[in-house]
Amino acid sequence: MREAVFGHEHTDVAASLNNIGNVYDALGKNKEALEKHEQALAIRTKVLGPEHMDVAASLDNIGSVYRALGRNKEALEKHE
């Protein structure tokens, strides 16, 4: 819905993708969670810049999914 209203590259769309990613994560659907968090990250980085706190939150979420997948090296890179 938000994408239809605001367009693809809007922070509200990124927030929705992030929330969907969190739900997938809670359901143990790591592949789907990772996809949504990466989409949110791409929008946030483009719109807000790489130093914004929402970008950091997306990186942290991606790191958490990597950790759940046992991809600890990649998780550490995202958490740093």
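Treat the numbers as computed from the prediction; the structure is a model and nothing was measured.
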Self-check item: From Glu51 atom CD to Thr45 atom OG1, the distance as rounded to the nearest 0.5 Å
Solution: 10.0 Å

Quiz item: Do Leu34 and Arg71 have side chains that get closer than 4.5 Å, going by heavy atoms?
Solution: yes

Quiz item: Is there side-chain contact between Leu59 and Val55, with heavy atoms separated by less than 4.5 Å?
Solution: yes

Quiz item: Which value, rounded to the nearest 0.5 Å, describes the distance between Asn30 atom CG and Leu69 atom CG?
Solution: 4.5 Å

Quiz item: Is Tyr24 atom OH crowded by more than 12 heavy atoms from other residues, nucleotides or ligands, each under 6.0 Å away?
Solution: no

Practice problem: Taking all heavy atoms of Glu9 and all of Val47, pick out the closest pair and write down the distance. | Solution: O-CG2, 3.5 Å

Exercise. Looking only at non-hydrogen atoms, find the nearest pair between Gly63 and Ala75 and report the distance.
Key: O-CB, 3.3 Å

Quiz item: Is a salt bridge present between Lys29 and Glu32, judged by a nitrogen-to-oxygen distance below 4.0 Å?
Solution: no

Quiz item: Rounded to the nearest 0.5 Å, what separation is found between the OG atom of Ser58 and the NE2 atom of His52?
Solution: 10.5 Å

Self-check item: Pairwise side-chain contact, Arg67 with Glu74, heavy-atom cut-off 4.5 Å (strictly under)
Solution: no

Self-check item: Residue pair Asn22 / His37, side-chain heavy-atom distance below 4.5 Å
Solution: yes

Quiz item: Does the side-chain contact (heavy atoms from CB on, under 4.5 Å) test come out yes or no for Ser16 and Lys36, once each step is laid out?
Solution: CA-CA 9 Å; Ser16 291; Lys36 297 303 178 186; over 6 Å; no

Practice problem: State the CD-CZ distance between Gln39 and Arg44, to the nearest 0.5 angstrom. | Solution: 12.5 Å

Quiz item: Quick one: CG on Asn18 to CD1 on Ile43, what's the gap to the nearest 0.5 Å?
Solution: 10.5 Å

Exercise. State, yes or no, whether a side-chain contact exists between Lys78 and Asp60 at a heavy-atom distance under 4.5 Å.
Key: no

Self-check item: Inter-residue atom distance Leu41.CG - Ile62.CD1, 0.5 Å rounding
Solution: 4.5 Å

